[in-house]
There are 2 protein chains.
Amino acid sequence: MREKTNDRSVGRMTLSKGEKRQRQIYDTAARLFAQRGYSRTSIRDLSEALGLQKSSLYHYFESKEDLLHRLLDQFMEEALQRIEELCALALPPQEKLAAFMRLYTSFYAGDRDRLSLLVNDLDCLGGELHAAMVAKQRRYVAAIQGILNEMRQAGLMRDIPLPVAVFAFFGMVHYTPKWYQRDGGVSPEELGRLFETIFCHGILTGKEQP
Amino acid sequence: MREKTNDRSVGRMTLSKGEKRQRQIYDTAARLFAQRGYSRTSIRDLSEALGLQKSSLYHYFESKEDLLHRLLDQFMEEALQRIEELCALALPPQEKLAAFMRLYTSFYAGDRDRLSLLVNDLDCLGGELHAAMVAKQRRYVAAIQGILNEMRQAGLMRDIPLPVAVFAFFGMVHYTPKWYQRDGGVSPEELGRLFETIFCHGILTGKEQP
DNA sequence: GAATTGGCCGACCGTTCGTTCGATTTTTTG
DNA sequence: CAAAAAATCGAACGAACGGTCGGCCAATTC
């Protein structure tokens, strides 16, 4: 039950008891970790929230760190897949930039718990696990940096250092777990459009904009 | 040596041995807490970095939580003082907004360690201490929200919900500890001007801009 | 120079942490 | 329905944590 891929579950619609439990554990862990932070949330906290003994949990992950890694890895992998899918499209850079921001924002702000882990607790991983996650993060940065570079060369961008622009955007999105709530009247998709407005008007010259 | 105010030190230029030690301890604590996070940094870590026994540290603060609170309180108090000083000035709202952003950014990005504590470890405080810090934070939010409200009423702002605009800005600045380094070619003051550019063009209509 | 204070040490305490292990119960398989 | 596998339990472990206490040493005060 702790193997990375479960062959029997592909293409089936009913979940076995163990699979249901696994999802329940992962979701609860993400929620608790996001609420109180990974390091201050104990395995005991998690087990009590689930109504299980803490020793029972170790049938679903190898260690607390492994649990965090699985949560982060699944989340980032899905995001990366969608993003690189979008980057492969043949779109004019300006439209690609806007689409990127809408996708990134809506996906991340749409799963507040996981984003919170990504932003706050990634450094709790050590050694290889940490390095692997950082490597995945760099692929995001490279993606948006590539798009912005095109815009710069086309003379469409203000005189702002590329990293400053990139991290201004990441800052907006990655800070959302601290304040944004889905049920507050603004959907993740709307938030994506709003960030697109702010960022595009913020870093682009209006030369070719409507 | 752990009293909140030290009468003998006011208006004197030389620091006693204990006062020097106190600063050394606070600065080292801020650095370590920022590097590895408050909860994962032990009193033992701090004592080893200082070359002292951990019991010795308790002459300078009452508890680990008290130490964090002092770091945050000093930092926020100084920031608030400067900000409310600026807000008291009779400036047109647009200039005030720009000045606010430059001040806020340069002050916060100028002390990466303390900002990191503020963003990441404020929730490690419990009860009254936490409530007091949150109350101070609200004064920032109220300040910038007030300015933006003026701009909105004057019809100078895009159709963006006020909280979204406010936290987009806070997001940019509060995310800087994750990537920004003073010696990377951009000074905190320059960064403030860049964020001003991005944010103002991002949320304001160009109607009354040069 | 004696008395007082502030700074520091080293040993120790109780608690909580993540993790392990063998036994037992529940579910799935043939 | 029996055998195999998966899931859960309860007790225990060593390590690390924040914090305390009494005594020692050096600096300051009178």
Side-chain angles (χ1 to χ4, degrees), chain A residues 1-9 12-26 28-29 32-33 36-71 121 124-127 129, chain B residues 1-9 12 14-26 28-29 32-33 36-71 121 123-127 129:
Chain A
M1 182 42 69
R2 2 184 242 232
E3 67 273 11
K4 303 226 167 178
T5 58
N6 192 330
D7 296 335
R8 296 166 314 182
S9 67
R12 188 153 42 81
M13 58 206 68
T14 58
L15 270 57
S16 78
K17 189 190 174 188
E19 288 163 337
K20 269 195 245 177
R21 184 68 96 182
Q22 181 156 355
R23 294 207 178 189
Q24 184 195 13
I25 289 175
Y26 282 25
T28 306
L32 294 188
F33 286 167
R36 309 208 358 147
Y38 168 79
S39 13
R40 294 159 61 218
T41 306
S42 67
I43 296 290
R44 186 179 230 104
D45 291 336
L46 179 57
S47 75
E48 283 173 3
L50 287 160
L52 291 176
Q53 289 287 359
K54 55 192 165 111
S55 55
S56 308
L57 300 178
Y58 284 85
H59 280 251
Y60 298 91
F61 47 81
E62 295 175 13
S63 66
K64 193 189 175 190
E65 194 176 353
D66 173 55
L67 171 59
L68 176 61
H69 170 254
R70 290 182 188 219
L71 288 169
D121 299 311
C124 294
L125 294 177
L129 295 181
Chain B
M1 184 44 67
R2 16 180 230 230
E3 66 274 10
K4 302 224 166 179
T5 58
N6 191 331
D7 296 336
R8 296 167 315 184
S9 67
R12 188 154 42 80
T14 60
L15 270 58
S16 78
K17 189 189 174 188
E19 288 163 337
K20 268 195 246 177
R21 183 69 93 182
Q22 180 156 357
R23 294 207 179 190
Q24 185 195 13
I25 289 175
Y26 281 28
T28 307
L32 294 188
F33 287 167
R36 308 207 6 154
Y38 168 77
S39 13
R40 293 159 61 218
T41 306
S42 68
I43 296 290
R44 188 178 229 106
D45 291 336
L46 178 57
S47 75
E48 283 172 5
L50 287 160
L52 291 175
Q53 289 286 359
K54 59 190 163 109
S55 55
S56 308
L57 299 178
Y58 285 86
H59 281 256
Y60 297 92
F61 48 80
E62 295 175 13
S63 66
K64 193 189 176 190
E65 194 176 352
D66 172 54
L67 171 59
L68 176 61
H69 169 255
R70 289 182 189 221
L71 288 169
D121 299 310
D123 289 340
C124 294
L125 293 176
L129 295 181

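In what follows, chains carry the letters A, B, and so on, assigned in the order in which the sequence lines appear, proteins first and then strands, with residues in each chain numbered from 1.
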Rounded to whole angstroms, how far apart are [atom1] on [X] and [atom2] on [N]?
{"X": "A/Arg36", "N": "C/dC17", "atom1": "CZ", "atom2": "P", "value": "9 Å"}
{"X": "A/Leu57", "N": "D/dA6", "atom1": "CG", "atom2": "P", "value": "18 Å"}
{"X": "A/Glu48", "N": "C/dT16", "atom1": "CD", "atom2": "P", "value": "11 Å"}
{"X": "A/Lys20", "N": "D/dA6", "atom1": "NZ", "atom2": "C1'", "value": "16 Å"}
{"X": "A/Leu50", "N": "D/dA7", "atom1": "CG", "atom2": "P", "value": "15 Å"}
{"X": "B/Leu46", "N": "C/dC8", "atom1": "CG", "atom2": "C1'", "value": "15 Å"}

Of all the heavy-atom pairs spanning [X] and [Y], show the shortest one and how long it is.
{"X": "B/Ser55", "Y": "B/His59", "value": "O-CD2, 4.3 Å"}
{"X": "A/Ala29", "Y": "A/Leu71", "value": "CB-CD1, 4.2 Å"}
{"X": "B/Arg21", "Y": "B/Leu50", "value": "NH1-O, 4.3 Å"}

* Quick one: what's the B/S/- string for nucleotides 12-27 of chain D, heavy-atom cutoff under 4.0 Å, read 5' to 3'? -> B----SBBBB------
* Could you point out which residue of A/Phe33, A/Tyr38, A/Tyr60 forms a side chain to side chain contact (heavy atoms under 4.5 Å, CB included) with A/Leu67? =>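 Testing each of A/Phe33, A/Tyr38, A/Tyr60 against A/Leu67, the sole residue satisfying side chain to side chain contact (heavy atoms under 4.5 Å, CB included) is A/Phe33.
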Just to confirm, is there a sub-4.0 Å distance from OP1 or OP2 of [N] to any side-chain nitrogen or oxygen of [X]?
{"X": "A/Gln53", "N": "D/dT8", "result": "no"}
{"X": "B/Ser56", "N": "C/dC9", "result": "yes"}
{"X": "B/Arg21", "N": "C/dG6", "result": "no"}

* **Cation-pi geometry met for B/Lys64 and B/Tyr58 (6.0 Å, 45°)** =>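 No.
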* To do: Hey, could you give me the CD/OG distance between A/Glu48 and A/Ser42, rounded to the nearest 0.5 Å?
  =>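 One gets 7.0 Å once the value is rounded to the nearest 0.5 Å.
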